[in-house]
Amino acid sequence: EKGGYEHFMLKEIFEQPKSIQDTMRGRLLVDEGIIKMAGIWDHLEKFSNAGRIIIIACGTSWHAGLIGEYLIEEFARIPVEVEYASEFRYRNPIITEKDVVIAISQSGETADTMAALKLAKEKGAFIYGICNVVDSSIARITDAGSYTHAGPEIGVASTKAFTAQLTILSLIAIKLGKHNGTLSNVKFVELITELDAIPKKIEEVLESTHDKVKEISKDFINAQNFLYLGRGYNYPSALEGALKLKEISYIHAEGYPAAEMKHGPIALIDENMPIVIIAPKRGHYDKIVSNVQEIKARKGKIIAVVNKGDVQVSAIADYVIEIPDTSECFSPIVAAIPLQLLSYYIAVYRGANVDQPRNLAKSVTVE
Ligand code: M6R
């Protein structure tokens with residue numbers, strides 16, 4: 001059942017070229033230049049007329065939501081807010097019939113997400129689900145939705161569900177952008193062509209980084225803390241990398257937008273602090289180079305995730321993990337892979353039960 005892998009988590013990490021492909025199948029039709037998504041198509045007016053989109057979720061799905069915000073705002077130019085379901089449901093939020101609320105949930109059973117959706121529905125919002133489990137409670141209560149087709153995810157740490165969620169959010173943002181006229185045809189074609197190439201790049205990154213990340217992991221078995229930094233689309237990647245490490249290795253980790261360093265966390269940096277920097281060349285590369293220099297000056301141990309052929313960050317970093325180049329908006333999908341592997345191997349070397357970490361459940365059905 002684990003297909004020869006030691007843990008479900010590793011199997012699920014390696015399934016990602018396929019799970020992403022499955023999520024795009026029948027939807028991304030590159031040759032015809034279209035994105036087919038019935039859930040969006042049938043309710044296009046709701047989305048186009050939405051005053052704003054509110055994304056609600058918990059944990060990893062919330063991180064996917066943050067990237068969804070960047071995607072939808074960049075391409076469809078609709079304002080997006082992302083909220084923890086647990087906060088949203090108890091703060092008497094302002095919701096109107098013009099709002100579209102998207103819930104993201106792997107299990108489709110998360111109690112807080114479910115309650116937040118019910119509230120939004122009562123207040124008249126149009127509610128949309130992005131779930132992995134077919135016919136789950138959230139999938140059933142929503143007005144419409146798109147399933148991620150990641151297949152069953154058994155490991156408590158979410159891996160392939162996360163990249164499938166990013167795939168769906170990319171498709172939605174690009175489709176809405178095309179419909180709204182906020183995305184040029186040239187850019188549309190460029191994006192769908194690049195998205196179509198992602199499964200291949202995931203295969204590549206699995207192959208090229210696996211052994212290296214496994215090696216690197218050995219040096220951090222006794223770490224007490226970790227910082228993860230990224231900017232733009234990869235700020236949520238940093239949050240997700242940190243969460244993954246926390247939940248399975250029990251090492252304290254925090255993710256931050258790299259520029260927030262100097263507003264506090266930089267005080268933590270010394271020669272004992274490992275810092276994972278996600279720094280692909282597109283986006284805010286120059287800015288991140290200066291952040292890396294600041295960290296180096298304080299002797300932090302830098303593990304950098306960069307694009308192949310990178311020079312500047314690689315020259316400063318203590319450990320370099322190279323990933324293939326892609327559009328900035330899809331870089332979190334590619335960057336997720338080495339971060340998943342890093343937390344996996346650190347946890348394995350620490351002897352932790354990676355598939356069933358202490359205190360955690362796969363579906364959080366109580367608040
Ligand atoms: O099933 P959901 O996507 O609604 O679950 C949300 C979180 O409980 C979940 O993502 C959790 O944070 C994972 N264990 C992360 O790996």
Side-chain angles (χ1 to χ4, degrees), residues 7-13 15-16 19 23 55-68 82-89 101-118 120 127-142 145-169 228 236-251 253-255 332 336-337 339-344 346-347 352-367:
H7 297 99
F8 282 110
M9 182 178 175
L10 190 61
K11 171 175 178 264
E12 288 160 5
I13 290 173
E15 274 171 358
Q16 288 172 106
S19 51
T23 298
I55 299 178
I56 50 175
C58 305
T60 289
S61 299
W62 183 76
H63 296 151
L66 290 179
I67 296 169
V82 188
E83 294 217 39
Y84 282 118
S86 56
E87 289 298 316
F88 180 86
R89 63 181 289 201
V101 174
I102 301 179
I104 307 177
S105 177
Q106 187 288 129
S107 62
E109 303 295 344
T110 302
D112 280 321
T113 310
M114 184 69 180
L117 262 187
K118 281 188 182 150
I127 59 172
Y128 198 88
I130 299 177
C131 297
N132 193 47
V133 176
V134 175
D135 214 28
S136 51
S137 305
I138 292 173
R140 274 185 276 121
I141 101 155
T142 40
S146 308
Y147 282 116
T148 45
H149 294 298
E153 191 181 64
I154 312 291
V156 165
S158 184
T159 53
K160 62 176 181 168
F162 175 65
T163 50
Q165 289 164 347
L166 297 184
T167 305
I168 288 286
L169 290 161
Y228 284 72
S237 304
L239 298 180
E240 173 59 10
L243 176 63
K244 216 90 300 175
L245 186 70
K246 272 184 274 215
E247 61 179 340
I248 60 169
S249 76
Y250 318 137
I251 295 173
E254 289 195 60
I337 310 298
L339 301 185
Q340 294 166 353
L341 288 169
L342 185 68
S343 50
Y344 173 77
I346 292 178
N353 181 353
V354 293
D355 281 337
Q356 274 176 320
R358 65 187 185 200
N359 308 338
L360 292 174
K362 183 65 185 161
S363 301
V364 183
T365 51
V366 290
E367 67 171 307

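Below, each value reflects all heavy atoms present in this structure, side chains not excepted, and no hydrogens, waters or symmetry copies. All residue numbers in this chain count up from 1 along the given sequence. Every number for a ligand or one of its atoms is a count from 1 in the order of the listing.
- In this structure, the side chain of Asn132 does not engage the main chain of Pro152 through any donor-acceptor pair within 3.5 Å.
- Heavy-atom proximity to Ser61, at under 4.0 Å, picks out these atoms of ligand 1: 2 (P), 3 (O), 10 (O).
- Ligand 1 lies nowhere less than 4.0 angstrom from a heavy atom belonging to Lys362.
- Screening Glu153, His63, Glu247 for a side chain to side chain donor-acceptor pair (under 3.5 Å) with Ser158, the sole residue that qualifies is Glu153.
- For a threshold of 3.5 Å applied to N or O pairs, the pair formed by Thr110 and ligand 1 contains at least one separation below that value.
- Gln165 and Ala64 make their closest contact through OE1-CB, 3.4 Å (heavy atoms, listed as atom of the first residue, atom of the second, distance).
- With Ser363 contributing its side chain and Thr365 its backbone, the two residues share no donor-acceptor pair below 3.5 Å.
- No heavy atom of Ser363 sits closer than 4.0 Å to any atom of ligand 1.
- Short contacts between ligand 1 and Ser158, defined as distances under 4.0 Å to a heavy atom of the residue, involve ligand atoms 15 (C), 16 (O).
- Distance alone, capped at 3.5 Å, is enough to place a donor-acceptor pair between the Ser249 side chain and the Ile251 backbone.
- When only non-hydrogen protein atoms are considered, atom 14 (N) of ligand 1 lies nearest to Glu247 OE1, 2.9 Å.
- Looking at Gly59 next to ligand 1, no N or O pair under 3.5 Å apart turns up.
- The side-chain heavy atoms of Met9 and Ile248, taken from C-beta on, include a pair separated by under 4.5 Å.
- Which parts of ligand 1 touch Lys244 is read off a 4.0 Å heavy-atom cut-off, strictly below it: atoms 15 (C), 16 (O).
- Side-chain atoms of Lys244 do not come within 3.5 Å of backbone N or O of Gln340 as any donor-acceptor pair.
- Few gaps surround CD on Glu83; more than 12 heavy atoms of other groups in view lie less than 6.0 Å from it.
- Looking only at protein heavy atoms, the nearest one to atom 8 (O) of ligand 1 is Val364 CG2, 3.9 Å.
- Between Glu12 and Ile154 the shortest side-chain heavy-atom distance falls below 4.5 Å.
- Given atom 6 (C) of ligand 1, the protein heavy atom at minimum distance is Cys58 O, 3.3 Å.
- A donor-acceptor pair under 3.5 Å is formed between the side chain of Asp355 and the backbone N or O of Phe8.
- Assignment of Thr113 to the shell around ligand 1 is not supported, since no heavy atom sits closer than 4.0 Å.
- The distance from ligand 1 to the heavy atoms of Val156 drops below 4.0 Å at these ligand atoms: 13 (C), 14 (N), 16 (O).
- Distance from atom 9 (C) of ligand 1 to its nearest protein heavy atom, with residue and atom name: Thr60 N, 4.0 Å.
- Heavy-atom proximity to Ser105, at under 4.0 Å, picks out these atoms of ligand 1: 1 (O), 2 (P), 3 (O), 4 (O).
- Heavy-atom proximity to Ala157, at under 4.0 Å, picks out these atoms of ligand 1: 16 (O).
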